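The structure appears right after this line, and notes come after that.
In what follows, chains carry the letters A, B, and so on, assigned in the order in which the sequence lines appear, proteins first and then strands, with residues in each chain numbered from 1. As the structure is a computational prediction, the values presented were derived from the model and not from experiment.
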Amino acid sequence: MKVIVVGAGVVGSLAARELSKYDLDITIIEKNLDIGWGVTKANSAILHAGYDDPVDSNRAKFCAKGNAMYTQLSQELDFEIRRTGSYVVAFSDQEVKTIEELYEQGRINGVPGLEIHDRNTLLEKEPNLNKDVKCGLWAPTAGITEPWMVAIAAVENAVANGVKLVLNEKVVGFEKKGDQIKKVITDKNSYETDLVVNAAGLYADQVALLAGAEYVPLHPRRGEYILLDKKMGSIIKSVIFPTPTKTSKGILVLPTIDGGLLLGPTAVDLQDDMKDHLETTAQGLEQIRNFTRTLVPSLDFSQTVKTFCGLRPESPQKDFFVQASKVVKNFVNLMAMRSPGLTAAPAIAEYVTQEVIQQAMGFKLSKRKDFNPIRRGIKKIVELPLQEWQELVKGDPKAGRLICYCNEVTEAEIVEAIKRGARTLDGVKFRTRAMFGRCQGGFCSIKIMKILERELGKDMSEIVLKSPQSWIVDGKVRE
Amino acid sequence: MKTDVLVIGAGAAGMAAALSAAKNGARVILTDRDERAGGILNQCIHNGFGLHYFKEELTGPEYAERFSTLLENYQITLLTDCHVHNVKPDRKAVLVSPKGVFEVETKSIVYTAGARERPFGTLMIPGDRPSGIFTAGVAQKYMNIENRIIGKRALILGSGDIGMIMARRLTLEGVEVVAVIERLPYSGGLLRNVIQCLEDYNIPLYLSSTVVEVRGKERLEEVVVAQVDNNYRPIPGTERIFKVDTLVLSVGLIPQVELLWGLVQLDPISKGVSCSNIGQSSSEWIFSAGNCTVVYDLVDYVTMEGEKAGKYAAHYAKGERFETGVPIEIGENVGVIFPRRYVSGEDLVLYIRSKKPIEGATLVVGNFERRFEDVMPSEMIRIKIPSQKIMGFERIVVSLKEE
Amino acid sequence: MDRIVCVQCPVGCKIKFEIVDGKIAKVEGNKCPRGLAYLEDELREPKRIVPTSVKIIGGNYPLVSVKTSAPIPKKYIPELMKKLRQIEINAPVKAGDIIVKNIFDTGVDIIATRTVSKNSQ
């Protein structure tokens with residue numbers, strides 16, 4: 001049986017990986033040049049605990065469960081998570097009341113370990129918080145990860161288990177027979193299929209529309225971020241949320257996996273035709289600076305490494321739209337994956353495989369005996385004991401040639417990233433953290449361009465930053 | 001491995017330090033993470049180097065070669081492609097290269113790691129994140145070393161020397177440079193470069209202006225520039241759009257000090273390694289020189305300071321010890337100074353940047369006074385203060401008194 | 001008095017001068033004789049040193065950096081760039097080697113400013 005998963009974001013990737021446990025012929029089709037480059041690439045990277053989601057919503061149903069699944073998943077797929085815990089902090093009596101409500105909601109949602117900490121306990125754990133804080137809701141299961149690495153790891157594991165990955169192809173239509181899709185048409189090819197899983201992120205409504213299936217209208221909600229240098233990374237240890245409003249979790253302060261400090265996001269609803277508007281704005285960045293200072297007064301914005309913007313797919317229902325189509329019999333929607341979509345994704349992958357595809361739709365799937373759940377990440381050579389590093393260099397001199405000095409990434413890791421599918425500068429960056437440091441590629445981007453050139457057998461002028469027209473160099477100074 | 005002096009970074013400061021340490025009888029290891037010695041000089045193919053030191057005008061590669069050929073004549077082990085992974089308080093450093101990972105035990109260090117360019121991300125410029133945005137040094141390396149053209153039409157942000165020099169380079173090689181944008185009301189580089197790099201090629205320099213937005217989903221397409229007020233805030237309504245595919249940033253250098261975090265005191269103003277006038281840091285076995293201490297205008301000065309640090313690091317390795325010295329403090333109208341402590345004995349060679357342009361100013365250092373005309377923050381003053389003029393002071397205040 | 005900034009070196013002397021009957025009558029501010037020569041050139045025929053690159057075959061760099069051995073008249077610069085774009089030389093080259101002799105009959109040579117050895121690969 002043939003399955004097409006549309007979209008290699010974290011939702012599609014984990015769904016494909018879950019489906020690869022069964023005897024299926026699976027193809028992932030992704031319009032970008034790499035895995036996880038849509039919604040997955042730019043969000044808060046948080047594993048939410050699950051107290052924030054309305055009781056009985058899909059969000060509540062999948063969040064705490066997905067959160068718990070990340071422990072095993074991160075071990076099997078070898079990506080990093082850190083259970084930092086999170087605080088929702090209250091500065092007024094009104095906010096204290098909201099926190100008490102959240103505590104109750106979390107309890108009903110099955111969130112483990114919630115506690116309300118008084119001011120002293122809170123400031124002991126987070127001494128750099130604004131001293132005016134009254135209390136905080138502590139959620140020990142909350143944590144952080146690198147969302148794109150979750151997607152990359154899931155796809156690598158899925159591919160190792162037989163899944164095919166097609167990049168740089170956009171779904172433009174479907175060939176149907178009655179109430180069944182027979183073929184998925186892309187801008188370059190067509191693919192026969194028996195089942196379509198729509199995980200097209202911001203564009204999932206358009207894909208469903210092309211298929212003639214149900215959908216909820218999606219509009220982008222802009223979230224801007226400021227990333228501060230590692231020098232600032234230790235001033236906050238857990239994820240700090242302000243007390244949420246009805247519409248948003250607010251602007252947060254949180255550590256990142258590689259030791260920086262992330263501030264954001266803003267939340268601005270854009271028109272539904274603005275799904276490629278990934279620009280930051282002066283107002284947005286100003287808002288982040290002003291607001292986060294009220295949470296952590298000692299933030300030093302001269303330590304800014306970069307600013308960026310992500311878009312999350314929001315629907316009028318403000319909830320995940322996860323179900324089999326009733327009109328197109330072999331089409332499944334995994335849509336409107338707004339926050340906590342990253343956290344929920346593993347639980348949704350399991351749910352869609354078992355309860356939607358097998359039970360509700362009635363597809364008979366048989367488990368593969370040879371499924372290998374283990375994927376190994378690219379070895380971070382700098383973290384090895386010196387003796388081991390020395391041994392490694394003896395066998396491969398590239399393991400001793402540092403390319404990215406800021407994050408200490410060796411040529412061996414970059415070559416490995418290219419072997420695993422990096423074709424662009426951003427592809428190398430997101431897989432290895434090279435160019436992610438404080439010089440942002442000032443010293444290493446040219447070296448990486450030359451390695452890409454050599455490993456791919458291409459000319460430098462053919463190598464792009466992130467998309468087909470994002471060229472870096474043009475011709476030669478002397479032909 | 002054991003050595004007397006470990007020199008980290010083989011640019012202008014490091015090569016000078018290594019040579020001078022070797023001339024003073026020390027065994028020296030000189031490391032550089034690049035594949036060759038010379039540092040950034042290798043890519044600076046323009047002229048303007050060496051007038052003070054060699055009394056002739058050289059290009060960067062020529063200047064570097066004068067030193068790199070000398071290295072072989074002395075007891076200097078040059079390790080290229082070699083990254084210093086860490087430096088520990090017990091005077092050991094871990095070096096990593098394709099030849100292996102090894103520990104070096106040293107008696108002293110000369111840290112000469114230079115500076116890095118302030119990258120785009122730190123500027124918090126709103127807009128898209130397209131390709132086509134380069135720091136000047138990256139643009140320069142593509143053009144001068146890698147033989148690559150970086151675009152067709154370029155705008156340059158920042159009128160530092162390298163920004164203007166790149167404006168000329170790009171123009172000569174057929175890239176149209178539409179303007180240079182400067183936030184300050186005056187050029188950030190030498191006047192000579194305004195003339196020979198911009199005026200010679202009719203490239204407009206827009207002062208009191210900055211980039212307020214970059215646009216382009218894939219490659220850069222447009223850059224929005226606005227005028228700024230006295231507080232450097234963009235003035236609404238003054239925006240103009242430049243259609244360019246390339247933006248080159250020359251917005252400042254940051255001393256590279258991360259390797260020495262926790263080991264030495266930093267100068268809170270220059271953000272570089274804080275040193276005495278013999279190049280000694282707050283950690284007595286670590287010496288430092290060059291752009292990792294303070295950002296210089298002229299490589300000649302970097303060489304001279306490197307030589308000094310190398311000499312004293314060699315003496316230290318032989319067992320000589322030096323006093324901490326008296327603090328040198330920033331007074332009126334002074335932006336940056338180097339060094340920050342004075343050890344009596346030699347005359348004090350002082351490097352000063354003013355905080356603002358001053359038409360006529362008197363430099364006052366202890367009992368020393370000297371009048372200067374047309375003092376500019378972009379033009380560093382180097383001056384030798386005779387030791388008798390600063391003897392007996394508990395602290396030496398440096399000020400530029402406006403007339 | 002008129003003012004001009006000497007570009008001969010990074011010192012950038014601010015030269016003050018007076019012209020009487022088409023001749024330089026008074027000069028001050030130049031810290032070395034090159035300033036006077038620069039002023040004379042600037043009034044008659046502005047000249048510049050031109051640093052650029054030339055293609056090199058079989059070297060450990062794809063380009064060898066070059067410069068004019070002395071300032072050449074500014075008006076020749078476009079022509080010079082055109083000429084240097086057509087030149088190809090073979091590695092090795094030593095810094096100081098003459099790449100083009102007496103360009104445009106100016107008495108100025110184009111000289112290599114970098115040593116480029118043969119590519120070992």
Side-chain angles (χ1 to χ4, degrees), chain B residues 35-36 38 41-52 55-66 68-69 142-148 161 165 168-169 171-174 187 189-197 199-201 296-301 373-374 376 378-380 382, chain C residues 3-16 28-29 31-32 34-35 38 42 46-57 59-71 73-75 77-78 80-82 84-85 93-97 111-117 120:
Chain B
E35 51 212 273
R36 55 181 73 86
L41 283 167
N42 284 322
Q43 67 189 58
C44 297
I45 66 168
H46 55 277
N47 50 311
F49 303 93
L51 266 154
H52 294 261
K55 310 290 176 212
E56 59 178 306
E57 193 177 21
L58 303 171
T59 63
E62 290 171 306
Y63 191 96
E65 268 188 51
R66 296 254 169 137
S68 60
T69 50
Y142 271 124
M143 303 266 303
N144 296 347
I145 303 284
E146 303 300 338
N147 189 20
R148 293 293 175 170
D161 288 317
I165 285 161
R168 176 179 64 181
R169 268 311 286 140
T171 308
L172 283 176
E173 300 306 345
S187 155
L190 301 174
L191 212 44
R192 123 190 176 110
N193 285 328
V194 177
I195 297 164
Q196 63 173 5
C197 296
E199 289 176 8
D200 273 4
Y201 298 93
Y296 291 85
D297 292 345
L298 299 182
V299 73
D300 304 62
Y301 298 164
E373 260 181 49
D374 293 331
M376 294 289 288
S378 52
E379 298 185 17
M380 195 180 220
R382 177 184 194 264
Chain C
R3 278 170 58 134
I4 189 169
V5 175
C6 176
V7 304
Q8 292 295 334
C9 87
V11 173
C13 293
K14 287 146 193 127
I15 305 174
K16 292 180 187 164
E28 55 187 65
K31 291 179 186 137
C32 82
R34 295 173 61 192
Y38 173 74
E42 220 41 27
K47 290 177 178 170
R48 297 287 183 266
I49 286 181
V50 181
T52 182
S53 303
V54 163
K55 185 175 178 180
I56 186 159
I57 314 274
N60 60 344
Y61 285 92
L63 297 172
V64 57
S65 54
V66 299
K67 68 176 182 189
T68 53
S69 58
K74 259 163 71 173
K75 63 179 183 205
I77 294 176
L80 172 69
M81 290 307 296
K82 216 165 148 188
L84 294 182
R85 263 188 266 277
V93 167
K94 277 211 352 238
D97 283 0
I111 59 170
T113 59
R114 186 197 306 281
T115 297
V116 178
S117 47
S120 50

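You'll find the side chain of C/Val7 stays beyond 4.5 Å of the side chain of B/Glu199, heavy atoms only.
Scored by the side chain to side chain donor-acceptor pair (under 3.5 Å) test, B/Glu379 finds no partners at all (sequence neighbours excluded). Residues that satisfy the side chain to side chain donor-acceptor pair (under 3.5 Å) test with B/Arg148, not counting sequence neighbours, are A/Glu453, A/Asp459. By the salt bridge (Lys or Arg N to Asp or Glu O under 4.0 Å) test, B/Arg169 pairs with B/Glu173, sequence neighbours left out.
The parts of B/Asp200 that come within reach of chain C are both its backbone and its side chain, each placing non-hydrogen atoms under 4.5 angstrom from that chain. Contact annotation for B/Leu51: only side-chain heavy atoms (C-beta onward) come within less than 4.5 Å of a heavy atom of chain C. For chain B, the nearby part of C/Lys14 is the side chain; its heavy atoms alone come within less than 4.5 Å.
Separating the CG atom in B/Asn47 from the OG1 atom in C/Thr68 is a distance of 7.5 Å, to the nearest 0.5 Å. For the atom pair C/Cys13 SG and B/Arg192 CZ, the distance stands at 11.0 Å (nearest 0.5 Å). Atom CD of B/Glu62 is separated from atom OG1 of C/Thr115 by 9.5 Å, given to the nearest 0.5 angstrom.
Residues of residues 60-67 of chain C having a heavy atom under 4.5 Å from any heavy atom of chain B, listed by number: C/Asn60, C/Tyr61, C/Pro62, C/Leu63, C/Ser65, C/Lys67.
Contact tally against chain C (heavy-atom pairs below 4.5 Å) for B/Asp374, B/Leu190, B/Val194: the top residue is B/Asp374. Between chain C and the residues B/Ile145, B/Asp300, B/Leu298, the largest count of heavy-atom pairs under 4.5 Å involves B/Ile145. Options C/Thr113, C/Ile49, C/Ile77 differ in how many heavy-atom pairs under 4.5 Å they form with chain B, and the most are formed by C/Thr113.
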- Query: Does the side chain to side chain contact (heavy atoms under 4.5 Å, CB included) test come out yes or no for C/Arg48 and B/Ile195, once each step is laid out?
  - Reply: CA-CA 11 Å; C/Arg48 297 287 183 266; B/Ile195 297 164; 3.9 Å; yes

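Judged purely by atom type and a 3.5 angstrom limit, C/Arg114 uses its side chain to pair as donor or acceptor with the backbone of B/Asn42.
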